[in-house]
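Notes to accompany the following structure.
By convention in this document, chain letters (A, B, ...) are assigned in the order of the sequence lines, proteins followed by strands, and residues within each chain are numbered from 1.
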Number of protein chains: 2
Amino acid sequence: MVADEDKVFKALADASRRQLLDRLYAKGGLTLGELCEAHDMSRQAVTKHLVLLEAANLVVTVKRGREKLHYLNAVPINEIYMRWIGKFERQRVQALFNLKQALKENDHEQA
Amino acid sequence: MVADEDKVFKALADASRRQLLDRLYAKGGLTLGELCEAHDMSRQAVTKHLVLLEAANLVVTVKRGREKLHYLNAVPINEIYMRWIGKFERQRVQALFNLKQALKENDHEQA
DNA sequence: TTGACATGCAACCGTTTGGTTGCATATATA
DNA sequence: TATATATGCAACCAAACGGTTGCATGTCAA
């Protein structure tokens with residue numbers, strides 16, 4: 001589970017891969033060739049990115065004849081949100097308050 | 001803005017850095033030394049991680065004497081959620097539906 | 001069957017990353 | 001002032017990353 005989480009974070013760490021997800025968000029079922037068209041790199045580079053996205057379960061594929069259709073799977077993103085980002089988000093206002101409070105206390109200590 | 005987004009994603013890509021954020025979430029105002037205690041690496045390694053977290057604006061620091069106090073800043077996480085993850089999250093159910101639909105259509109084509 | 005098309009696999013390569021060690025600097029305290 | 005403590009800076013290194021090129025495999029269509 002934690003290993004999967006790490007895969008997802010690492011998969012999201014690259015701008016090209018986030019772009020691929022954006023494209024699959026806009027339109028599912030694209031082939032490798034179609035995904036390559038919009039990216040300024042070799043087909044093999046795109047393939048490598050897609051392999052990582054698949055490993056992180058962010059992309060699901062279906063083979064149709066000699067083509068491979070790609071679909072976005074947002075579930076892992078949801079999971080990360082639920083068990084990680086949401087925690088910070090829910091505490092955002094509180095954390096800001098704590099920070100300001102700490103800075104204020106620090107001011108007093110230095111004064 | 002996009003460059004910042006990239007910094008945040010890259011900062012979150014490392015498990016050690018996420019751990020540091022977790023610790024600062026649990027308790028703010030920790031010094032570098034205190035942050036090092038729980039991690040099985042050299043102080044300088046932790047420093048490097050904190051530098052990246054600061055550059056991504058995920059951690060804010062205050063110097064107090066010879067100590068440096070670290071605080072979590074969840075704002076960038078919130079921004080990423082707002083303008084990136086939320087998009088996918090909102091479409092999650094719809095995307096699953098689309099995927100199933102596509103698989104069904106694919107079945108029909110192959111049959 | 002033959003040729004074109006879509007994808008897969010593997011070797012290679014420069015750069016970035018995550019870590020180390022050694023030394024320098026700044027601050028607190030006896 | 002002298003010494004211990006907390007942090008900063010820089011050089012170095014192995015491994016991972018993001019990309020390339022070349023070739024192999026599988027599938028459609030004439």
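Using a 4.5 Å cut-off on side-chain heavy atoms (C-beta onward), A:Ser16 and A:Leu20 make no contact. The closest side-chain heavy-atom distance from A:Asp6 to B:Arg18 is below 4.5 Å. Looking at B:His39 and B:His49, their side chains never come closer than 4.5 Å, going by heavy atoms from C-beta outward. Between A:Asn57 and A:Val75, the closest side-chain pair of non-hydrogen atoms is not below 4.5 Å.
Between B:Met41 atom CE and C:dT17 atom C1' the separation is 13 Å, expressed in whole Å. Taking atom CG of A:Leu50 as the reference point, atom C1' of D:dG18 lies 14 Å away to the nearest angstrom. Between the NZ atom of A:Lys10 and the P atom of C:dT16 there is a distance of 18 Å, given to the nearest Å. Atom pair B:Arg17:CZ and C:dT16:P shows a separation of 15 Å (rounding to whole Å applied). The CD atom of B:Gln19 sits 14 Å away from the P atom of C:dG18 (whole-angstrom rounding). Look at CZ on A:Phe9: it is 19 Å from C1' on C:dG18, rounded to the nearest Å. One atom, NE2 of A:His49, and another, C1' of C:dG8, lie 17 Å apart when rounded to the nearest Å. Look at CG on A:Leu52: it is 11 Å from P on D:dG19, rounded to the nearest Å.
One hydrophobic cluster, built from ILVMFWY side chains closer than 4.5 Å, cannot hold both A:Leu52 and A:Leu30; they sit in different ones.
Side-chain proximity of A:Ala45 to C:dG8, D:dG19, D:dG8: nearest is D:dG19.
Checking the phosphate oxygens (OP1, OP2) of C:dT20, a side-chain nitrogen or oxygen of B:Ser42 falls inside 4.0 Å. Phosphate contact (OP1/OP2 of D:dG8, side-chain N/O of B:Lys68, threshold under 4.0 Å): present. Remark: B:Lys48 is not in phosphate contact with D:dG8, judged by side-chain N or O atoms under 4.0 Å from OP1 or OP2.
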Footprint string (nucleotides 23-30 of chain D, 5' to 3'): B base within contact, S backbone only, - free, heavy atoms under 4.0 Å: ---BBS--

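The shortest heavy-atom contact between B:Asp14 and A:Lys10 is CA-NZ, 4.3 Å.
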Can you list the steps and then say if B:Lys27 with B:Glu34 is a salt bridge (charged side-chain N to carboxylate O under 4.0 Å, His left out)? CA-CA 11 Å; B:Lys27 185 173 188 331; B:Glu34 288 170 330; over 6 Å; no

